[in-house]
Amino acid sequence: MSDASSLTPTTKIQFLAGVGPQRAERLAKLGINTLRDLLFFFPRDYEHPAAEVAIDRLKDGQAASVTGVITDAELSARSPGKSIFGAVVTNQTGSVRIVFFNQPFRADTLTFERRVMISGVPTQKGLRMEFVHPKVKVLREDESAGAGEILPVYPLTDGFKQYDMRRYTREVLEQLARETTEVMPEDLRREVVRRLREANIDPGGVDHDGPLPPIDRALWQIQFPTDDRSLIAARTRFVSQELLVMQLALAIRRRSLTTDLNAPVIDASPETHAAILDRFGFTLTDDQRRVVQEIRHDLRRQFPMNRLLQGDVGSGKTAVAFYAMMLAHASSHQSVLMAPTEVLARQHYENLRHIHADNSDHIGLLSGSLGTAQRRDILQRVADGRVTMLVGTQALLYDVKFQSLGVCIIDEQHKFGVRQRTALRGDDMDPHCLVMSATPIPRSIGMTLFGDVDMSTIRQKPPGRTEVHTYLAQDEWTQRWWQFVRQRLDEGRQVYVVAPRVGPATASAPGNESDDDADGSEDIASVETIYAQLRDDVLADYRVGLLHGRMKPDEKNATMEAFADGAIQVLVSTTVIEVGVDVPNATVMTILGANRFGLAQLHQLRGRINRGVHPGHVAVFTDGDVPPDEVERLKIFESTDDGFELAEADFRMRGPGDVLGKQQSGLPPLRVADLARDREILAVVRELAQDMIDGDPEMKDEALSDLRRQVLRRYGDRMELADGA
Ligand code: ADP
Ligand code: MG
């Protein structure tokens with residue numbers, strides 16, 4: 001066991017000196033099973049002990065470190081569980097007392113004549129300075145004290161102290177750091193530094209044109225940094241490496257999508273292009289026009305478009321989608337548009353028919369409410385090519401046989417997830433694919449989650465949109481606000497009231513549309529309570545309706561339609577209205593418990609009320625007193641109407657998990673890099689990866705073979721990268 005020479009990276013952690021089977025079990029909880037795991041188990045933080053001070057210069061209340069020898073030590077137990085351990089530490093400049101209450105184990109390590117370094121804040125006690133509960137480092141005979149040295153702070157598991165982790169880590173480093181495989185050759189490490197500097201990113205302590213530190217030095221410096229600059233350099237190395245490995249995988253995948261798949265070439269003359277644009281009753285905005293050009297360019301190629309189109313609800317994404325569908329039609333190909341709900345599918349269908357008023361026989365709707373015969377008829381007309389534009393909800397469209405599917409559009413509204421597109425693959429041809437999302441994605445997440453996808457963005461709103469005023473409500477506003485709401489209702493406007501989902505899930509009703517409230521975690525009672533209050537009291541003179549995810553699809557549709565028709569004036573709802581029908585007359589929204597929502601989600605809700613000609617008003621109420629940073633967050637919502645700005649703020653303040661919600665990326669978690677903190681490095685590394693794969697698509701370069709192996713090991717399965725890639 002203590003035969004160090006037999007230790008290898010794959011040696012089980014229990015065989016490390018001082019660990020053993022029991023401690024190994026506990027380390028396993030931290031994901032540490034082998035020596036290699038420990039080697040790459042990086043500190044979550046660092047301690048910077050105070051500088052060494054001569055004992056006769058110590059000042060009451062000022063942090064300092066003292067190195068010396070223990071010249072006296074005494075443990076006195078006062079009663080069970082109560083003890084005082086006191087010791088005296090002496091050097092040439094004097095002696096100090098250290099004290100620990102109820103830590104009798106200190107007596108085991110802080111023994112007579114031990115050399116130690118202590119750090120803490122001393123207080124004057126009589127003639128002597130005293131440190132209560134200082135940090136202590138026991139020094140070996142020849143070990144330098146290293147006051148001011150940076151100490152790693154690890155995530156811990158029960159029964160472990162920082163001291164243990166530091167000891168184990170140091171041991172493993174001494175045994176294995178030098179033998180760890182270097183996957184980044186020096187040239188590559190040098191190139192990363194060059195590009196980081198070009199992007200004005202500080203790589204930390206490296207020579208002017210020097211490389212990032214090699215693996216053994218980087219391991220030592222990230223575990224036991226000698227100084228801040230070296231720590232930054234080491235961290236930069238591991239962050240760059242982790243992100244590079246990921247981006248290489250994505251670059252390989254992007255490439256394979258262009259070489260392994262075939263799509264129909266869809267081209268159109270300028271006349272056709274112009275004729276299509278003519279069909280819209282409006283002029284495209286500059287942003288829409290730019291995206292149309294991007295799509296036009298994609299469709300001309302013989303491999304599938306793989307594009308994500310982002311833009312707020314109402315920014316005019318659907319118009320762009322219709323353009324692609326019409327372009328496919330013009331070159332005798334079919335297209336399909338998948339909507340997140342039945343109601344939206346119908347709305348898209350009606351709109352498509354509207355702009356094809358002259359002849360709309362080639363437009364089909366596959367709806368859940370069709371009878372068997374009607375359904376069979378539609379499928380037949382799709383199969384023989386008479387229907388060229390098919391609209392429906394996602395679930396209904398997967399087994400449809402097309403004659404020649406050229407374009408597939410997925411309208412996901414507020415959801416992520418471009419992965420299902422593969423389900424619609426043809427036999428020899430794959431359709432061009434456009435996914436639309438109303439959830440603005442921070443750039444660095446986009447580069448990760450959608451790293452193999454091209455992104456288009458519409459930020460501009462179509463002209464004539466009215467402004468939405470947002471108010472972060474104060475408590476004393478309640479009366480006044482509802483007064484305001486009643487005034488708007490009297491003027492003929494309609495109103496949304498959104499209540500949060502709270503509490504644990506109860507039994508979920510059968511027949512629930514799976515794309516609404518999929519987690520079933522809303523507390524209907526809370527919405528219902530609010531509904532009852534408004535109906536019976538505050539808004540008793542108006543027609544109030546209730547909508548939530550656990551109603552039957554029919555009921556939901558009926559309620560939404562009643563609201564759209566104006567039969568319902570006030571709709572009390574959970575967030576299901578995020579994916580809703582346009583009701584231009586609805587101009588007022590009250591959001592209750594807003595602190596429970598992400599900014600992006602609040603923004604989406606707000607998007608429901610800028611559909612018409614009347615200015616919108618949103619009041620945001622919180623549940624009781626919320627902490628200042630929550631108020632800060634909601635103030636950002638109050639102050640900007642830019643979805644991307646809000647997404648970035650969410651990302652900064654609540655982390656990627658919150659932005660992504662429950663929908664996971666399917667990519668392995670990052671261990672060192674942090675997408676928010678390291679987004680600039682990510683951008684640099686992404687470009688580097690693309691250049692590397694452009695120059696050497698299969699990473700055949702001998703010097704990169706270890707790096708290539710790491711890419712495959714980490715991402716090969718998940719991204720279906722061929723081993724030959
Ligand atoms: P999204 O799909 O992004 O939610 P839509 O494409 O449904 O947005 O557009 C919302 C509304 O704005 C629709 O009624 C649409 O007809 C209209 N619209 C879209 N683009 C324009 C434009 N350039 N000018 C005027 N109105 C537009
Ligand atoms: Mg839409």
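Treat the numbers as computed from the prediction; the structure is a model and nothing was measured. Just follow the structure's listing: the first ligand is 1, and inside any ligand the first atom is 1. If you read the sequence from its start, that first residue is 1, and numbering goes on from there. What's counted below: heavy atoms across the whole structure, side chains too, no hydrogens, waters or symmetry copies.
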Item to check | Heavy-atom nearest option to atom 3 (O) of ligand 1, drawn from Lys317, Gln310, Gln460 | outcome: Lys317
Checklist entry - Should Ala319 be listed as contacting ligand 1, given a heavy-atom distance under 4.0 Å as the test? => result yes
Checklist entry - Within 45° of the ring axis of Phe637 and under 6.0 Å from its six-membered ring centre, is that where the NZ or CZ of Arg633 lies? => result no
Checklist entry - In this structure, which one of His617, Glu638, Arg606 forms a side chain to side chain donor-acceptor pair (under 3.5 Å) with Thr470? => result Arg606
Item to check | Rounded distance [0.5 Å steps], CD1 in Ile266 versus CD in Gln302 | outcome: 13.0 Å
Next on the checklist: One thing to verify: whether Asp490 and Arg486 come together as a salt bridge, which I'm taking to mean a side-chain N less than 4.0 angstrom from a carboxylate O.
Outcome noted: no
Item to check | Option from Asp642, Asp286, Asp312 for which salt bridge (Lys or Arg N to Asp or Glu O under 4.0 Å) with Lys461 holds | outcome: Asp312
Item to check | Mode of Thr318 contact toward ligand 1 - side chain, backbone, both, neither (heavy atoms, under 4.0 Å) | outcome: both
Checklist entry - Measuring from the heavy atoms of Asn351, does anything fall under 4.0 Å of ligand 1? => result no
Checklist entry - Does ligand 1 have a heavy atom under 4.0 Å from the side chain of Thr283, from its backbone, from both, or from neither? => result backbone
Item to check | Val320 contact mode with ligand 1 (heavy-atom cut-off under 4.0 Å) | outcome: neither
Checklist entry - Under 4.0 Å from ligand 1, counting heavy atoms only, is it the side chain of Met436, its backbone, both or neither? => result neither
Item to check | Atom indices of ligand 1 within 4.0 angstrom of Thr285 heavy atoms, with elements | outcome: 23 (N)
Checklist entry - Would Glu294 and Arg290 pass as an ion pair if we require N to O under 4.0 Å? => result yes
Item to check | ligand 1 N/O within reach of Gly314 N/O, cut-off under 3.5 Å | outcome: yes
Next on the checklist: One pair to check against side-chain hydrogen bond (donor to acceptor under 3.5 Å, both in side chains): His348 and Asp411. What are the steps and the verdict?
Outcome noted: CA-CA 10 Å; His348 286 324; Asp411 184 4; 2.9 Å; yes
Checklist outcome for this item: Under 4.0 Å between heavy atoms, the region of Ala321 that gets near ligand 1 turns out to be neither
Checklist entry - So between Pro462, Gly316, Gly607, Pro584, whose heavy atom ends up nearest atom 5 (P) of ligand 1? => result Gly316
